[in-house]
Amino acid sequence: MMKKSKEDVSGAWYACAGLEQDIVVATRATLSRNLANFPFPDKLNDSESERIQSIVFDAFNFLKNAEDFQAISVCKLDGIGNKIMHERGILFDSKGKKTGLVLRNDGKISCTVNADDHLKISSFIPGLGIEAASNSVYEIDNELQKRIQFAASYEFGYLTYSVLNSGSGLSVVVKLHLPACSLLGSIDSIVKNISGDGFNLLSCYGSGGGNALSGFGTKGTSLGGYYIVVPKSSAGGSEFDQIASIQCAVQNILKEERAARKTCKAQHITEISNYALRSLALAKSSFFISLREAIDIISGVKFGKDIGVFCGIEDSDLHALLYRVQEGHLEYVLDNGKFKFEKDIQDNRLRKIERLRALILQEAFENIEK
């Protein structure tokens with residue numbers, strides 16, 4: 001029998017408490033910037049790429065809390081490190097030849113260099129924190145502008161690789177858990193409503209399909225009912241207008257999801273209880289759990305907690321599990337921890353990761369009560 005090993009995530013931003021966490025998982029604000037007098041990253045030669053990286057890394061050294069940041073060329077990250085950065089929304093597929101990364105020690109602030117744009121400054125907040133995340137990236141932006149001249153024009157604002165990101169260069173993404181709206185079939189109406197306000201509602205983890213644990217998932221519904229609200233463009237209005245607009249859009253979705261949960265509790269309590277109890281039972285009885293199963297399980301337990309089937313676990317702990325069960329994170333834990341696996345899977349890395357995922361869920365759910 002494999003012994004359980006507690007994983008310390010107490011210092012991770014995604015494990016902290018935040019606002020509106022009954023529905024909101026996390027908020028990310030990103031500012032896109034490009035240096036004046038340089039081509040966009042996909043047109044840079046090696047010398048220009050290295051020059052830009054050097055300029056940006058040097059500018060971060062003059063921040064008031066410069067000692068809290070670490071800079072690295074992405075090519076120096078190993079495969080697991082690169083995967084973790086992608087899983088946490090820090091790195092994306094790069095168009096640049098030589099991409100760099102500046103990361104604050106707590107993981108809440110990052111800056112990619114020579115990706116789609118010369119700089120993408122991002123801030124991560126647990127729960128709903130649109131204004132806080134936006135303020136954080138603008139603080140970094142203001143400091144960097146003391147030493148870097150960014151490309152801008154009076155007509156178009158800040159110039160970016162994608163025309164849709166020009167203007168303020170600000171993009172705020174909010175991750176939501178909408179199981180009740182998914183059950184009641186109101187996701188399409190939400191999509192239409194926010195589309196008219198300039199936002200898209202996208203799936204986080206792919207389609208749930210009709211074979212999801214819930215039993216009420218439909219083809220095309222996001223796995224676990226997890227979605228992100230994404231602006232279509234940064235080009236219209238000031239940053240203040242854009243922040244107010246997404247605040248309004250998200251608050252409207254929160255109202256709709258909470259109303260849907262009341263309806264679900266009144267009219268579908270048995271169905272939801274079945275989903276929640278099956279999710280908890282599968283987590284507690286399984287030796288191996290795939291990533292898709294884990295997302296569905298976490299959603300089921302969270303939905304059960306929201307309507308009063310369960311107690312004994314915090315929203316922040318459930319949201320943190322969405323990061324802790326990812327492949328890259330588990331590979332890192334596996335390689336840096338001491339685990340004694342069952343003999344028949346000791347040489348099977350995939351099975352060990354699925355075993356570890358099951359144990360992490362079991363440890364997290366230890367104190368859940370009906």
Side-chain angles (χ1 to χ4, degrees), residues 13 28-124 133 136-153 156-171 173 234-235 328 331-332 335:
W13 70 265
R28 183 186 78 227
T30 300
L31 270 183
S32 298
R33 295 286 187 261
N34 287 280
L35 277 66
N37 304 316
F38 282 95
F40 288 122
D42 65 331
K43 302 296 183 183
L44 293 171
N45 59 41
D46 288 348
S47 176
E48 290 169 328
S49 295
E50 292 172 358
R51 176 62 179 151
I52 290 173
Q53 189 174 116
S54 176
I55 290 171
V56 175
F57 284 3
D58 183 65
F60 268 91
N61 285 329
F62 289 90
L63 296 186
K64 296 175 183 176
N65 57 340
E67 68 280 359
D68 294 334
F69 289 87
Q70 297 183 32
I72 188 173
S73 294
V74 171
C75 63
K76 294 183 179 179
L77 288 174
D78 61 16
I80 295 175
N82 196 297
K83 189 180 293 186
I84 291 172
M85 294 299 104
H86 279 80
E87 291 171 354
R88 297 188 183 172
I90 293 171
L91 286 180
F92 302 92
D93 292 337
S94 173
K95 292 180 172 58
K97 297 178 180 178
K98 294 189 176 182
T99 305
L101 174 65
V102 182
L103 186 65
R104 202 167 76 179
N105 293 335
D106 61 4
K108 292 182 72 174
I109 300 287
S110 69
C111 178
T112 57
V113 184
N114 291 333
D116 286 354
D117 294 288
H118 295 153
L119 289 86
K120 280 191 178 295
I121 309 164
S122 296
S123 173
F124 302 85
S136 293
V137 293
Y138 275 112
E139 286 177 9
I140 300 294
D141 179 54
N142 290 336
E143 288 297 312
L144 294 180
Q145 291 208 41
K146 295 176 182 178
R147 297 184 175 275
I148 301 175
Q149 182 182 355
F150 292 132
S153 75
F156 298 108
Y158 288 101
L159 305 180
T160 58
Y161 178 81
S162 170
V163 175
L164 296 177
N165 288 332
S166 296
S168 69
L170 177 67
S171 176
V173 176
S234 302
E331 287 186 57
Y332 177 83
D335 290 346

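The model shown is predicted, which means the values in this text are computed figures rather than measured ones.
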pair [X]-[Y]: side-chain heavy atoms closer than 4.5 Å:
{"X": "Asn82", "Y": "Val74", "value": "yes"}
{"X": "Tyr138", "Y": "Ser168", "value": "yes"}
{"X": "Lys98", "Y": "Ser73", "value": "no"}
{"X": "Phe92", "Y": "Asp116", "value": "no"}
{"X": "Gln70", "Y": "Leu103", "value": "no"}

Other residues, nucleotides and ligands only: do more than 12 of their heavy atoms fall within 6.0 Å of [atom1] on [X]?
{"X": "Asn142", "atom1": "CG", "answer": "yes"}
{"X": "Tyr332", "atom1": "OH", "answer": "no"}
{"X": "Glu67", "atom1": "CD", "answer": "yes"}

Looking at every non-hydrogen atom in both residues, tell me the closest pair between [X] and [Y] and how far apart they are.
{"X": "Ser110", "Y": "Phe124", "value": "OG-CE1, 3.7 Å"}
{"X": "Val113", "Y": "Gln53", "value": "CG1-CA, 3.9 Å"}
{"X": "Asn61", "Y": "Ala66", "value": "O-CB, 3.3 Å"}
{"X": "Ile80", "Y": "Gly328", "value": "CG2-O, 3.5 Å"}
{"X": "Pro41", "Y": "Ala115", "value": "CB-O, 3.1 Å"}
{"X": "Phe69", "Y": "Ile140", "value": "CZ-CD1, 4.1 Å"}

Roughly how far apart are [X] [atom1] and [Y] [atom2], rounded to 0.5 Å?
{"X": "Leu159", "Y": "Phe40", "atom1": "CG", "atom2": "CZ", "result": "6.0 Å"}
{"X": "Thr112", "Y": "His118", "atom1": "OG1", "atom2": "NE2", "result": "11.5 Å"}
{"X": "Leu77", "Y": "Ile72", "atom1": "CG", "atom2": "CD1", "result": "4.5 Å"}
{"X": "Arg104", "Y": "Asn65", "atom1": "CZ", "atom2": "CG", "result": "6.5 Å"}
{"X": "Ile55", "Y": "Leu35", "atom1": "CD1", "atom2": "CG", "result": "5.5 Å"}
{"X": "Leu170", "Y": "Ile121", "atom1": "CG", "atom2": "CD1", "result": "11.0 Å"}

Do [X] side-chain atoms and [Y] backbone N/O form a donor-acceptor pair below 3.5 Å?
{"X": "Glu48", "Y": "Asn45", "answer": "yes"}
{"X": "Asn165", "Y": "Thr160", "answer": "no"}
{"X": "Asp117", "Y": "Tyr161", "answer": "yes"}

- Query: On the ring face of Phe62, is Arg147 found with NZ or CZ under 6.0 Å from the centre and within 45° of the axis?
  - Reply: yes

- Query: For Glu87, which residues count as a side chain to side chain contact (heavy atoms under 4.5 Å, CB included) partner, sequence neighbours excluded?
  - Reply: Lys83, Ile84, Gln326, Glu327, His329

- Item | Cationic N near anionic O, under 4.0 Å, Asp106 to Lys108 | no

- Message: If we check side chain to side chain contact (heavy atoms under 4.5 Å, CB included) with Asp141, which of these qualifies: Leu31, Ile148, Leu119?
- Response: Leu31

